[in-house]
Colleague: 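Below is a structure I'd like to ask you about.
Position 1 is the first residue of the sequence, and the numbers go up from there. Hydrogens, waters and symmetry mates are skipped; everything else that's a heavy atom, side chains included, is used.
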Amino acid sequence: MNDFENYKIIIDSIFGNNTARFETIDVKSNDSNNILGALNSEGNFLEFKENFIARLKRLNKIYSIDDDNRLSLINQINLIADKKNWEGAFAELASYDCLNQELLLSNDYLKKEIDLDITFDKNLTYSNQLGKKESNLDGFFSDYGVYFDVKCFKDNINEILNKLYKQVQKKTGLKFHIDASYSRDISYKEFQLNRNLLYSELKTKIINKPTHFISDTITNLSFDILWKKGHITTVGTYNPFRHAKNFFLSIFNYTNKLAINDPTLIVLVVFPWFNSTINNFSRNNEILYRSLCRRVFCQYKNLNTSMNEILSNFKGAETIFEVSKKISGIIIIEDTSILSTDSDKINATPYIYLNPNADNQIKNTLFEEVLKNLNYKIYDDFSFDNY
């Protein structure tokens, strides 16, 4: 039984026969992904299997009545089988599980579950300023009028490097194991902008079969190459404050997701299989999250920097600070389903940060009580740190 066949059995057993639909996927291939591979791995990833299946069962229970929401949920569950989209789909499922937990834990089904897959008129978000016809958001707390959109907090540098390695191997016909040493908090943009140069450098130098070389393209980047079986040890430095400084502007890539007149949350999901950088050593994760959010909320408070300086396709006259005020808060969810031994738990821990400068405030509203009832690790409204 291949990974797709196994996943189909899991879905259909929970949601009903023929729920699994993989029309755009070659289900006879072995072109799978981390999630499907783990679910079909005999004797391995037992905790993850139990936790993932328990999550699907909880979501099935929550979305058992509303046909529109159930259809949207099932679409995301099917996307888990997609090689390109599984990360975003997994992040959404983790968020729905986590943010619906007040409903789950209280068993109060008079309360409304989170509505899924919301489409906004372009004039109600910043879509118009970005040349988009409309904006789609992932969730809506209809009882409270609060919207949110879910994104992966990804380690894109590692993704770029792995694709480059495969590309170089295919081009040169050489087989090798390669790993990089670099500062783990380096800006993703530096790798993105220099990708072609880095590819040319790797392709040129690898032909001579070196065991180590220092990149001429990106500072403090080096490679160790193994041509036979063995082990490679690499070194990477990390500073959570520098990571926040290098990463925070990427939050504004989601500007078209911000409702202008309603509270909107950005939800970032951290999961080891699409982010190997973030760690809780010396509370690095907590330092990163708070520093990142504070930069988004407060850094441009006393500046008139135009939004189109960081988003060149933004056609509005708004400043970065004016746009940032439409972010009511950022919730960072750490998914712990890989190793958790308690499948009855919602294995997703939220870190909640509210924007003290938001136009559409959540603080002192009924919805704030919803957030406070989540099993959060950190809750911060920056009341005394807004400068």
Colleague: Does any pair with a residue in residues 327-348 pass ring pair (Phe, Tyr, Trp, His ring centres under 6.0 Å), and if so which ones, sequence neighbours excluded?
Modeller: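 Checked against ring pair (Phe, Tyr, Trp, His ring centres under 6.0 Å) - neighbours excluded - no pair reaches residues 327-348.
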Colleague: Partners of N347 by side chain to side chain donor-acceptor pair (under 3.5 Å), sequence neighbours excluded?
Modeller: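 So N347 forms a side chain to side chain donor-acceptor pair (under 3.5 Å) with N51, S340.
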Colleague: Check the pair F141, F148 against ring-ring contact (aromatic ring centres under 6.0 Å, His included), reporting the backbone distance first and the verdict last.
Modeller: CA-CA 8 Å; F141 291 88; F148 67 88; 5.6 Å; yes
Colleague: Under 3.5 Å, is there a donor-acceptor pair between the S282 and N284 side chains?
Modeller: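 Result is no, nothing qualifies.
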Colleague: Using a 4.5 Å cut-off on heavy atoms from C-beta on, say whether the side chain of E113 contacts that of Y96.
Modeller: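 They are not in contact (no side-chain heavy atoms under 4.5 Å apart), so the answer is no.
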Colleague: Before you tell me yes or no, could you show the steps for W273 and F52 under ring-ring contact (aromatic ring centres under 6.0 Å, His included), namely the whole-Å CA-CA distance, both residues' side-chain angles and the distance that decides it to 0.1 Å?
Modeller: CA-CA 14 Å; W273 288 344; F52 184 81; 9.8 Å; no
Colleague: Do you see a donor-acceptor pair shorter than 3.5 Å between the side chains of N246 and D185?
Modeller: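 No donor-acceptor contact under 3.5 Å links the two side chains.
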Colleague: Apart from F120 itself, what residues make up its hydrophobic cluster when side-chain heavy atoms of I, L, V, M, F, W and Y under 4.5 Å apart count as a link, directly or indirectly?
Modeller: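 Reading the cluster by chain and number, F120 sits alongside I118, L124, L137, F140, Y147.
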Colleague: Within a reach of under 6.0 Å around CG of L71, are more than 12 heavy atoms found that belong to other residues, nucleotides or ligands?
Modeller: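 Yes, the 6.0 Å shell around CG holds more than 12 heavy atoms from other groups.
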Colleague: A cation-pi test, strictly: NZ or CZ of R283 under 6.0 Å from the centre of the six-membered ring of F281 and no more than 45 degrees from its axis. Yes or no?
Modeller: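 No, cation not above the ring by the 6.0 Å, 45° rule.
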Colleague: Filter on salt bridge (charged side-chain N to carboxylate O under 4.0 Å, His left out), then keep only pairs touching residues 302-320, sequence neighbours left out; what's left?
Modeller: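 Not a single pair qualifies under salt bridge (charged side-chain N to carboxylate O under 4.0 Å, His left out).
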Colleague: Starting from the C-alpha separation in whole Å, work towards a yes-or-no answer on side chain to side chain contact (heavy atoms under 4.5 Å, CB included) for F213 and N208.
Modeller: CA-CA 11 Å; F213 68 87; N208 297 320; over 6 Å; no
Colleague: Please name all residues satisfying side chain to side chain donor-acceptor pair (under 3.5 Å) with T217, sequence neighbours left out, ordered by chain then number.
Modeller: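 Checked T217 against side chain to side chain donor-acceptor pair (under 3.5 Å); matches are E201.
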Colleague: Side-chain donor-acceptor pair under 3.5 Å between N69 and D115, yes or no?
Modeller: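 Judged by distance alone, the side chains do pair up.
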Colleague: Between OG of S276 and CD1 of I157, what distance do you get to the nearest 0.5 Å?
Modeller: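 One gets 10.0 Å once the value is rounded to the nearest 0.5 Å.
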Colleague: Can you tell me how far apart OH (Y300) and OG1 (T319) are? Round to the nearest 0.5 Å.
Modeller: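 Answer rounded to 0.5 Å: 10.5 Å.
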Colleague: Any side-chain to backbone donor/acceptor pair from N85 onto K83? Under 3.5 Å, distance only.
Modeller: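 Not confirmed, N85 side chain does not pair with K83 backbone.
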Colleague: Checking R55 now: which residues fulfil side chain to side chain donor-acceptor pair (under 3.5 Å) with it, not counting sequence neighbours?
Modeller: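 Expected list: D97, D335.
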Colleague: Please determine whether side chain to side chain contact (heavy atoms under 4.5 Å, CB included) holds for the pair Y182 and S215, giving the CA-CA distance in whole Å, both sets of side-chain angles, and the decisive distance to 0.1 Å.
Modeller: CA-CA 10 Å; Y182 59 94; S215 173; over 6 Å; no
Colleague: Just grab all the side-chain hydrogen bond (donor to acceptor under 3.5 Å, both in side chains) pairs involving residues 36-47, residues at least two apart or on different chains.
Modeller: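 Output for this query lists D3-N40, S41-N44.
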Colleague: So which pairs with a foot in residues 367-387 pass salt bridge (charged side-chain N to carboxylate O under 4.0 Å, His left out), sequence neighbours left out?
Modeller: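 Sorted pair list: E286-K377, R290-D380, R290-D385, R294-D385, K363-D381, E368-K372.
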Colleague: Between CG of N280 and CD1 of I287, what distance do you get to the nearest 0.5 Å?
Modeller: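 N280 CG to I287 CD1: 11.0 Å, rounded to 0.5 Å.
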Colleague: Would you say the side chain of F48 lies within less than 4.5 Å of the side chain of N34, judging by non-hydrogen atoms?
Modeller: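 A side-chain contact is absent here, since even the closest heavy-atom pair is not under 4.5 Å.
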Colleague: Hey, mind stepping through N18 and D12 against side-chain hydrogen bond (donor to acceptor under 3.5 Å, both in side chains) and telling me if it holds?
Modeller: CA-CA 6 Å; N18 300 316; D12 287 352; over 6 Å; no
Colleague: To the nearest 0.5 Å, tell me how far F90 CZ sits from Q76 CD.
Modeller: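 One gets 13.0 Å once the value is rounded to the nearest 0.5 Å.
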Colleague: Less than 3.5 Å apart, any donor N or O on the side chain of N261 or N360 sitting next to an acceptor on the other?
Modeller: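 N261 vs N360: no donor-acceptor pair found between side chains.
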Colleague: Which pairs count as salt bridge (charged side-chain N to carboxylate O under 4.0 Å, His left out) when at least one residue sits in residues 119-131, sequence neighbours excluded?
Modeller: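 Applying salt bridge (charged side-chain N to carboxylate O under 4.0 Å, His left out) to every pair that reaches into residues 119-131, excluding sequence neighbours, yields nothing.
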Colleague: Mind jotting down which residue pairs meet the ring pair (Phe, Tyr, Trp, His ring centres under 6.0 Å) criterion with at least one end in residues 320-356? Sequence neighbours excluded, please.
Modeller: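 As it turns out, the ring pair (Phe, Tyr, Trp, His ring centres under 6.0 Å) pairs with a partner in residues 320-356, which skip direct neighbours, are Y289-Y351.
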Colleague: Is a donor on one side and an acceptor on the other found under 3.5 Å between the side chain of D143 and the backbone of K112?
Modeller: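 It does hold such a pair.
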Colleague: Does the side chain of E334 come under 3.5 Å of the side chain of N285 through a donor N or O and an acceptor N or O?
Modeller: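 Per modelled atom types, E334 and N285 side chains form a pair under 3.5 Å.
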Colleague: Kindly check if the number of other-residue, nucleotide or ligand heavy atoms within 6.0 Å of NZ (K205) is above 12?
Modeller: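 Count over threshold, so yes.
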Colleague: Please check if atom CG in L303 has more than 12 non-hydrogen atoms from other residues, nucleotides or ligands closer than 6.0 Å.
Modeller: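 Enclosed.
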Colleague: Can you list everything that forms a side chain to side chain donor-acceptor pair (under 3.5 Å) with T349? Sequence neighbours excluded, please.
Modeller: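 In terms of side chain to side chain donor-acceptor pair (under 3.5 Å), with neighbours along the sequence ignored, T349 is linked to no residue.
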Colleague: Should side-chain heavy atoms under 4.5 Å link Ile, Leu, Val, Met, Phe, Trp and Tyr, which residues sit in the same cluster as L79?
Modeller: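 Answer for L79: none, a lone residue.
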Colleague: Is the number of heavy atoms from other residues, nucleotides or ligands within 6.0 Å of CG (D67) greater than 12?
Modeller: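 Result for CG/D67: open.
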Colleague: Short question: side chain of N78, backbone of T19 - any donor-acceptor pair under 3.5 Å?
Modeller: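 Yes, because the side chain of N78 sits within donor-acceptor range (under 3.5 Å) of the backbone of T19.
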Colleague: Answer yes or no: is there a donor N or O on one side and an acceptor on the other, between the side chain of Q101 and the main chain of C98, under 3.5 Å?
Modeller: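 Present.
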Colleague: Looking at S328 and T264, would you say the former's side chain and the latter's main chain have a donor-acceptor pair under 3.5 Å?
Modeller: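 Yes; judged by distance alone, with no hydrogens or angles, the pair exists.
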Colleague: Would a 4.5 Å heavy-atom cut-off, applied to side chains only, mark V150 and I333 as touching?
Modeller: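 Side-chain contact under 4.5 Å: no.
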Colleague: Is the closest side-chain donor-acceptor distance between Y165 and Q169 under 3.5 Å?
Modeller: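 Their side chains do not contain a donor-acceptor pair, so the 3.5 Å distance test is not met.
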Colleague: Check the surroundings of atom NZ in K345: do more than 12 heavy atoms from other residues, nucleotides or ligands lie under 6.0 Å from it?
Modeller: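 Counting neighbours around NZ of K345, 12 or fewer heavy atoms of other residues, nucleotides or ligands fall under 6.0 Å, so no.
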Colleague: Apply side chain to side chain contact (heavy atoms under 4.5 Å, CB included) to the pair R184 and H243, showing each step before the final yes or no.
Modeller: CA-CA 8 Å; R184 303 298 171 177; H243 192 179; over 6 Å; no
Colleague: Quick one: pull up CG in L311 and CG in L130 and give me the separation to the nearest 0.5 Å.
Modeller: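 Rounded to the nearest 0.5 Å, the CG-CG separation comes out at 6.0 Å.
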Colleague: Short question: side chain of K301, backbone of Y387 - any donor-acceptor pair under 3.5 Å?
Modeller: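 No.
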Colleague: So which heavy atom on A259 is nearest to which on T125, and how close?
Modeller: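 Smallest interatomic distance, heavy atoms only, reads CA-CG2, 4.1 Å.
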Colleague: With rounding to the nearest 0.5 angstrom, report the CG to CG distance, L93 to L59.
Modeller: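 Rounded to the nearest 0.5 Å, the CG-CG separation comes to 6.0 Å.
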Colleague: Sub-3.5 Å donor-acceptor pair from the side chain of H212 to the main-chain atoms of F223, do we have one?
Modeller: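 Answer holds: yes.
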Colleague: Would you say L288 and F247 make side-chain contact, with heavy atoms under 4.5 Å?
Modeller: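 Not in contact.
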